[in-house]
Amino acid sequence: MSGRYRVLRGMHDILPEEVGRWQYLEETTRAWFARYGFREIRTPVLEATELFSRSVGASSDIVRKEMYTIERGEQSLCLRPENTAPVVRAFVEHSRHRGIAAGYPERLFYIGPMFRYERPQKGRQRQFHQIGVEVLGGEEPLIEAETIEMVWGLLERLGIASIELQLASVGDSACRPKYRQALVHWLRPRLDGMCDDCRRRADENPLRVFDCKVEADLLVLADAPTMQESLCGDCEQHDSRVKRHLETLGVPFVENAGLVRGLDYYRRTVFEIAAGGLGAQNAILGGGRYDGLVRELGGPDVPGFGFAMGMERAAMLIPDDRLPRARIDVSLITLGAAGHDAAIEMAQRLRAQGISVQMSMTERPMGTQLKRADRGAARFALFIGKDELARGRFGLKDLASGQQDEIDEAGLVARIKAGRDGGD
RNA sequence: GUGAGUGUAGCUCAGUCGGUAGAGCUCCAGAUUGUGGAUCUGGCUGUCGUGGGUUCGAGUCCCAUCACUCACCCCA
């Protein structure tokens with residue numbers, strides 16, 4: 001490690017060697033989401049701080065201690081820590097609800113950086129990237145099922161294996177407060193035997209006790225009342241419909257009554273997909289329904305559902321053999337000054353024909369040029385020297401097989417393009 | 001914010017009891033003046049994370065600090 005300046009803590013350069021992994025993730029996502037009618041939305045990374053304290057929750061860790069804020073004159077701005085609130089802000093600002101027909105909600109996705117001032121660890125950066133989806137303008141359980149089926153299919157297409165979908169309902173404004181009360185009541189006489197974290201959680205956010213990792217506590221909690229059995233009629237019906245649709249679509253899930261999402265705005269359905277190989281941060285994506293958020297942010301009473309996927313986490317799980325190898329079509333091997341001069345224009349003509357070409361910027365020994373062609377993973381080497389120029393025919397060598405043919409310039413393009421399918 | 005581990009060449013790492021800074025890979029040149037991958041020979045590359053202290057002498061010991069990694073909290 002050298003140099004005087006370094007990247008900020010928790011932030012990373014994505015170098016050319018890794019960029020292919022990211023492009024594969026992004027391209028696969030865009031193509032797959034398009035099949036479900038999702039369209040991309042891009043919003044600014046900078047927003048009013050209040051947007052997040054209103055939506056994510058002023059008491060949440062994200063707002064309390066993890067935001068990058070900028071005081072600019074009278075305004076408090078911040079780098080977005082998540083993107084549901086900005087997307088909803090844009091939805092409201094542009095009156096998008098006016099274009100929604102019953103049964104056809106607005107389907108949006110985004111890809112971009114988020115910022116949270118946290119202590120970095122495996123799978124957690126201060127600048128990280130999310131692929132997120134928001135469905136606005138429908139409360140049908142099919143929305144959950146279809147959207148989850150979509151992302152389940154995406155992970156399959158990316159070759160990400162050993163994943164588990166966990167599903168729960170956190171109820172609504174009718175049944176959740178009642179359950180919360182019941183849980184606190186149940187916990188109170190048992191807290192003495194439980195860990196410090198649980199005692200603190202019981203005060204601040206009782207549902208979080210289910211996140212506890214202490215064996216003894218988990219045994220106690222196994223008998224705790226669950227949200228599931230406390231759901232009101234509407235929530236219960238919604239939840240069972242979501243599950244029925246998921247079964248129809250063949251998406252396996254496990255119910256996890258202890259699933260707690262960190263953001264205040266969730267109602268009813270919440271879910272998470274966890275994977276092995278990610279260390280302690282094993283959630284690759286999570287989300288839920290947020291009926292009420294649009295109204296909270298000053299819009300009409302439009303229901304919503306969405307999730308966000310951590311791109312760093314997803315990228316880590318894509319098997320190497322899934323990634324297309326970036327290859328250059330042809331590397332020019334020049335011999336002598338005349339060959340090098342002629343190659344300059346040859347490169348231009350081939351590139352105009354849609355072929356990727358590399359060549360040395362200076363005359364170099366032939367052995368060296370071939371070595372570079374190899375290292376640069378070129379498919380072909382094309383020899384250009386005075387003999388070839390005199391004959392008007394060039395040696396085109398397949399670097400994998402070693403086979404070399406004499407071919408005129410007119411035949412080069414077709415031959416090189418044909419080599420794309422044949423070669424590994 | 002808390003705890004633990006690690007910082008030596010572009011990369012991966014060795015460095016004994018405190019005594020002149022090392023290896024492999026990469027890179028460059030050559031063996032090979034018009035044919036690559038293998039092999040061989042030679043070569044370049046260092047504020048030893050940073051600052052201070054102890055010492056005749058510090059990569060090595062002590063203190064501080066910064067960064068990275070993992071974990072906690074929390075989250076994607």
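In what follows, chains carry the letters A, B, and so on, assigned in the order in which the sequence lines appear, proteins first and then strands, with residues in each chain numbered from 1.
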In whole Å, what separates the P atom of B:U47 from that of B:G22? 16 Å
Measure the distance from CZ on A:R9 to C1' on B:G49 and round it to the nearest whole Å. 14 Å
Can I get a per-line list of side-chain donor-acceptor pairs under 3.5 Å for residues 153-167 of chain A, giving both atom names and the distance, sequence neighbours left out?
unit_1: A:E164; atom_1: OE1; unit_2: A:Q166; atom_2: NE2; d: 2.8
unit_1: A:Q166; atom_1: OE1; unit_2: A:N256; atom_2: ND2; d: 2.9

Report yes or no: does A:T43 contribute a side-chain atom to a donor-acceptor pair with the main-chain N or O of A:P86 at less than 3.5 Å? no
Check ion pair A:K243-A:E255 (N to O, under 4.0 angstrom): yes
Quote, to the nearest angstrom, the P distance that separates B:U6 from B:C74. 28 Å
Table please: side-chain donor-acceptor pairs of residues 273-280 of chain A below 3.5 Å, with sequence neighbours left out.
none

Suppose you measure atom C1' in B:G15 against the same atom in B:U20; what distance do you get, rounded to whole Å? 14 Å
Rounding to an integer number of angstrom, what distance separates B:U45 and B:C56 when you compare their C1' atoms? 32 Å
When we call it a touch if two heavy atoms are under 4.0 Å apart, what does A:I333 touch: a base, just sugar-phosphate, or nothing? nothing
Main chain of A:L25, side chain of A:T29: is a donor-acceptor contact present, judged purely on distance under 3.5 Å? yes
Take a 6.0 Å sphere around CD of A:Q348 and say whether it holds more than 12 heavy atoms from other residues, nucleotides or ligands. no
Taking the C1' atom in each of B:A67 and B:G49, what is the distance between them to the nearest angstrom? 7 Å
From CG of A:L259 across to C1' of B:A76 the rounded distance in Å is 13 Å
For A:E144 and A:H238, which I'm curious about, is there any donor-acceptor pair between the side chains at under 3.5 Å? yes
Please check if the side chain of A:R190 supplies one atom and the backbone of A:W186 the other of a donor-acceptor pair under 3.5 Å. yes
Contact check, residues 117-137 of chain A vs RNA chain B, heavy-atom distance under 4.0 Å, returns A:E118, A:R119, A:Q121, A:K122, A:G123, A:R124, A:Q125, A:F128, A:Q130
With heavy atoms under 4.0 Å as the rule, sort A:Q281 into base, sugar-phosphate or nothing. base
Any ion pair linking A:D291 and A:R267 (charged N to carboxylate O, less than 4.0 Å)? no
By the salt bridge (charged side-chain N to carboxylate O under 4.0 Å, His left out) test, which pairs, at least two apart or in different chains, include something from residues 342-351 of chain A? A:R349-A:E409
Give a yes or no on whether the backbone of A:A377 and the side-chain of A:D374 come within a donor-acceptor separation of less than 3.5 Å. no
Counting primed atoms, P, OP1 and OP2 as sugar-phosphate and everything else as base, the B/S/- map of nucleotides 28-44 of chain B against protein heavy atoms under 4.0 Å is SS----BBBB-------
Sidechain-backbone polar pair: A:T334 side chain, A:I384 backbone, donor-acceptor under 3.5 Å: no
For A:P113, what residues pass the side chain to side chain contact (heavy atoms under 4.5 Å, CB included) criterion, not counting sequence neighbours? A:V45, A:R80, A:F115, A:Q127, A:H129
Counting only heavy atoms and a strict 4.0 angstrom limit, can you tell me which residues of residues 26-36 of chain A come near RNA chain B? none
From CE of A:M67 over to C1' of B:G1, roughly how many Å is that when rounded to an integer? 18 Å
Taking side chain to side chain contact (heavy atoms under 4.5 Å, CB included) as the definition, give me every residue that meets it alongside A:Q404, ordered by chain and number, with sequence neighbours left out. A:F383, A:K397
Looking at every strand, decide which applies to A:G339 at a 4.0 Å heavy-atom threshold: base, sugar-phosphate, or nothing. nothing
How close or far is atom C1' of B:A76 from atom CZ of A:F109, stated in whole angstroms? 18 Å
What residues 143-157 of chain A contributes to the RNA chain B interface at heavy-atom separation below 4.0 Å is none
Main-chain N/O of A:T84 paired to A:E82 side chain as donor or acceptor, under 3.5 Å: yes
Quick one: A:E312 CD to B:U69 P, roughly how many Å, whole number? 12 Å
Under 4.0 Å between a side-chain nitrogen and a carboxylate oxygen: does that hold for A:E146 and A:R107? yes
With salt bridge (charged side-chain N to carboxylate O under 4.0 Å, His left out) as the rule and sequence neighbours excluded, what pairs involving residues 385-394 of chain A come up? A:R391-A:E406
Using atom CD of A:E66 as one end and atom P of B:A76 as the other, report the distance to the nearest whole Å. 10 Å
Return whichever of A:L278 or A:M311 has its heavy-atom-nearest nucleotide of RNA chain B closer to the 5' end. A:L278
Determine the stems involving RNA chain B; a stem requires 3 or more consecutive pairs of the Watson-Crick or G-U wobble kind, each with both distances below 3.5 Å, and the answer is none if no such run exists. B:1-7 with B:66-72, B:10-13 with B:22-25, B:27-31 with B:39-43, B:49-53 with B:61-65
Taken in chain and number order and not counting sequence neighbours, the residues that satisfy side chain to side chain contact (heavy atoms under 4.5 Å, CB included) with A:Q130 are A:Y110, A:M114, A:R116, A:F128, A:A308
Pick base, sugar-phosphate or nothing for A:A373, based on heavy-atom distances below 4.0 Å to the nucleic acid. nothing
Please measure how far the P atom in B:A14 lies from the corresponding atom in B:G24, and state the result in whole Å. 16 Å
Gap in Å between the two P atoms, one belonging to B:U50 and one to B:G7, rounded: 14 Å
Integer angstrom distance from the P of B:C44 to that of B:A58: 27 Å
Could you state the atom-to-atom distance from CD of A:E272 to C1' of B:C74 in whole Å? 12 Å
Please report, rounded to the nearest Å, how far the C1' atom of B:G10 is from the CD atom of A:E17. 11 Å
